[in-house]
Structure formats: structure tokens, C-alpha cells
Colleague: 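Below you'll find the structure I mean.
Along the sequence shown, residues carry numbers from 1.
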Amino acid sequence: MTKIIESIEMCEKNRERQTKEVERLSLLLGRAPRFVIINASDDAGNARYVEGKNVEGAKTGLEMIIKKFEEDCTEKEILSLIHWCNTEKIPVIVQSPVYKHLDEKKLMNAIDYKVDADCFSKEWLGRLANNTNGTLGSATPKGVINILEYYDVNVEGKMALVVGRSNHVGKPMGTMLINKGATTIVANSKTSNLDELVRQSDIIVSCVGKMDLIKAKDIKKDAVVIGVGFTYVGRKQILDFSVEDVVADGKASLVSNRINCTGKATIDALIDNVIELYKMNTEI
């Protein structure tokens, strides 16, 4: 029988710890720790993601600074804000995507790794590849690892399949699973024998955003299936696989919920990154 898993309970337990850590930081700093989110887009998805991060961050006691730039903004304006965050050691992220006239890579590269809450910088990705102690991880793959640990999924020695090759999700996800001892394959939506790889895998993390990419019939008995990538059909979020079909098929042991799983775990991991950056920068 396949169990649908979510991350609400995990995040609520983590928030208790996060709130205590933010309270301690506030006493030592003499003010609440700040977190800056830059939204240089009119994308509706961006607005939802930023609001979710704003709400959850505020619950822990972080001072959330949301900077919304209009379409006539310049890179210079955004870079000026990033420079201020770098100088003041305030954790910051640029919510992706950005307006088409802006160079998103340039903006993200301008963020000093010491305030890079998304952990997209080459310094953090390099440390992750080297499995360096104290490394902070990109929020989405870190959230997935937290989910696996919360549900006592032992990845060591297991065959893990990551579908997706982005620098911010797929690649670090694969690296994190390798660091945990999994035998890991990083595939993508164009992989010719994807169905065969699915049939061999004990853990599947799909990060593409393509409906019906993973077929329930191909999933191995007792496999764990986690959905990260999604697309919209009407107003409904659809993962790279049908949760309903996976449950009906019944072979998988665990499958992530379409609504309450990796998105919330991502925000939870992001808040942890902010707290850890403050500890690092203030030597607390």
C-alpha cells in the first residue's frame, strides 16, 4: 500500500526550533535578523512563492524585507540593493524568473556567498561537491533530503534517480544523494531509456515540470517517489507523475503529496539557511 507523505508536520516541528534560534540571534544582535527577497518580475508564480516565504519567515521572527521592482527597473538599482546586503551581511535571494531585460545570472552572481540564502553560488556548490563539513545546500534539494530523513528513508546503498539537470535543483540534488551514499543517476526529460531507469530505482526525485513524465506502472516495488517539478493544467498543479495513479498502482512505499510536500520543505530549508548564514557571519 502506498502512503502519501507531506511536510507540514516536519515544518511545524522545525519552526519551533527556528523560532528559538531567531530569538537567540535577536538578543545577540540587538534586533531581529533580516532577510531580503528581491522580486523583479510580474510573474504570478513569483508573487505566490515570495508571499509564502514572507509568511513563513515572519512566523519565526525574521524581519522580512520584500523588495518588489517594477518593469522599468534597471540592473543598477537591483545590484545596489545586493551590494548593500553584501556589505551589511544580510541574507538575500533573487526570486526567479526576472524581467526579460535583466541578466538573472549576473544578478545572482553578484550575491556574496556569505549572504546567499539560496546557496546557488559557486562557493556553496563547490563545497557541496567536495562534501565539505558545514556546507549549506540549495533550498529545494535540501528540503527533499529533510523529507527523506523525516520519513526514515535510508538512501545509503540505494539506487537513486534524479530527473532534471538544472544547476539549482537537479545537479545539487544528485550531489546530495551521492554524499548520503546513494548510487545516483541524474537523468533529464530527454533521456531515452527513462522508463527503464525508473524501473530500477529505489528513490525517484523528479524535478522537470512535465506532465506524465514518470509512469506509475514503471515504478519499482517499495520505491520512494518525490515530486519537485510541476506544471499547471488550468489552475491545478500537476507533478511529473500522477499521485493518484501511483497510489492506485500501489507498488511505491511513499509518494509525495502534490500540494503540501516539497514546496513547504523548500521554504523550511531556506529559513534554516538564513539562520545558519547569520551564525556564520557573526561567529555565533
Side-chain angles (χ1 to χ4, degrees), residues 11 14-40 49-50 52-69 75-96 98 104-143 145-146 167-169 172 175-176 179 265-284:
C11 294
N14 284 345
R15 190 183 301 128
E16 293 178 15
R17 169 184 54 79
Q18 291 165 345
T19 301
K20 290 178 181 178
E21 290 183 319
V22 170
E23 286 175 353
R24 187 170 72 91
L25 284 169
S26 297
L27 288 173
L28 292 168
L29 294 170
R31 57 169 174 76
R34 299 168 181 165
F35 177 26
V36 174
I37 299 178
I38 296 171
N39 182 12
Y49 301 144
V50 169
K53 293 168 183 178
N54 183 31
V55 169
E56 296 304 320
K59 286 179 182 177
T60 68
L62 291 173
E63 180 185 339
M64 302 299 296
I65 301 174
I66 312 300
K67 178 57 179 176
K68 173 67 171 71
F69 286 89
E75 283 183 356
K76 184 177 180 180
E77 290 176 290
I78 301 172
L79 289 170
S80 177
L81 177 55
I82 291 172
H83 177 70
W84 177 74
C85 292
N86 291 342
T87 302
E88 297 297 322
K89 297 292 188 288
I90 299 171
V92 59
I93 66 169
V94 175
Q95 185 68 47
S96 179
V98 299
E104 182 174 306
K105 188 174 182 180
K106 179 179 179 181
L107 295 177
M108 289 189 171
N109 285 343
I111 299 174
D112 189 315
Y113 82 97
K114 293 180 180 179
V115 297
D116 175 18
D118 268 331
C119 295
F120 292 162
S121 64
K122 63 182 184 298
E123 289 86 357
W124 287 123
L125 294 175
R127 290 184 182 195
L128 179 65
N130 288 328
N131 200 15
T132 304
N133 288 337
T135 297
L136 302 186
S138 304
T140 296
K142 182 177 178 179
I145 293 294
N146 289 344
N167 291 331
H168 299 160
V169 182
T175 303
M176 287 182 190
N179 291 346
T266 294
I267 296 174
D268 180 69
L270 180 66
I271 292 169
D272 271 341
N273 282 350
V274 171
I275 291 170
E276 291 305 314
L277 287 172
Y278 266 102
K279 290 179 180 178
M280 181 184 78
N281 289 328
T282 56
E283 298 182 352
I284 295 172

Colleague: I'd like to check Lys114 versus Leu277 (side-chain heavy atoms, cut-off strictly below 4.5 Å). Are they in contact?
Modeller: no

Colleague: Mind checking whether Lys53 and Ile93 have side chains closer than 4.5 Å, heavy atoms only?
Modeller: yes

Colleague: Side-chain contact test, heavy atoms from C-beta onward, threshold under 4.5 Å: evaluate it for Tyr49 versus Ile267 and give yes or no.
Modeller: no

Colleague: Which heavy atom in Thr175 sits nearest to a heavy atom in Ala129, and how many Å separate them?
Modeller: CG2-CA, 3.9 Å

Colleague: Starting from the C-alpha separation in whole Å, work towards a yes-or-no answer on salt bridge (Lys or Arg N to Asp or Glu O under 4.0 Å) for Glu75 and Lys106.
Modeller: CA-CA 9 Å; Glu75 283 183 356; Lys106 179 179 179 181; 3.3 Å; yes

Colleague: Heavy atoms only: give me the nearest Ser121-Tyr113 pair and the separation to one decimal.
Modeller: OG-CB, 3.2 Å

Colleague: If you take all heavy atoms of Ser96 and Glu104, which pair is closest and at what distance?
Modeller: OG-OE2, 2.9 Å

Colleague: Side chains of Arg15 and Glu56, heavy atoms from C-beta outward: is any pair under 4.5 Å?
Modeller: yes

Colleague: Compare every heavy atom of Leu270 with every heavy atom of Ala117, then report the nearest pair and how far apart it is.
Modeller: O-CD1, 3.4 Å

Colleague: Given Val274, which partner from the list Val36, Leu62, Val115 fulfils the side-chain contact (heavy atoms from CB on, under 4.5 Å) test?
Modeller: Leu62

Colleague: Below 4.5 Å, heavy atoms only, C-beta onward: do Lys279 and Arg24 meet side chain to side chain?
Modeller: yes

Colleague: For Val94 and Asp118, work out which heavy atoms get closest and say how close.
Modeller: O-OD2, 4.3 Å

Colleague: Measure the shortest side-chain to side-chain distance between Thr135 and Trp124 over non-hydrogen atoms and say whether it is less than 4.5 angstrom.
Modeller: yes

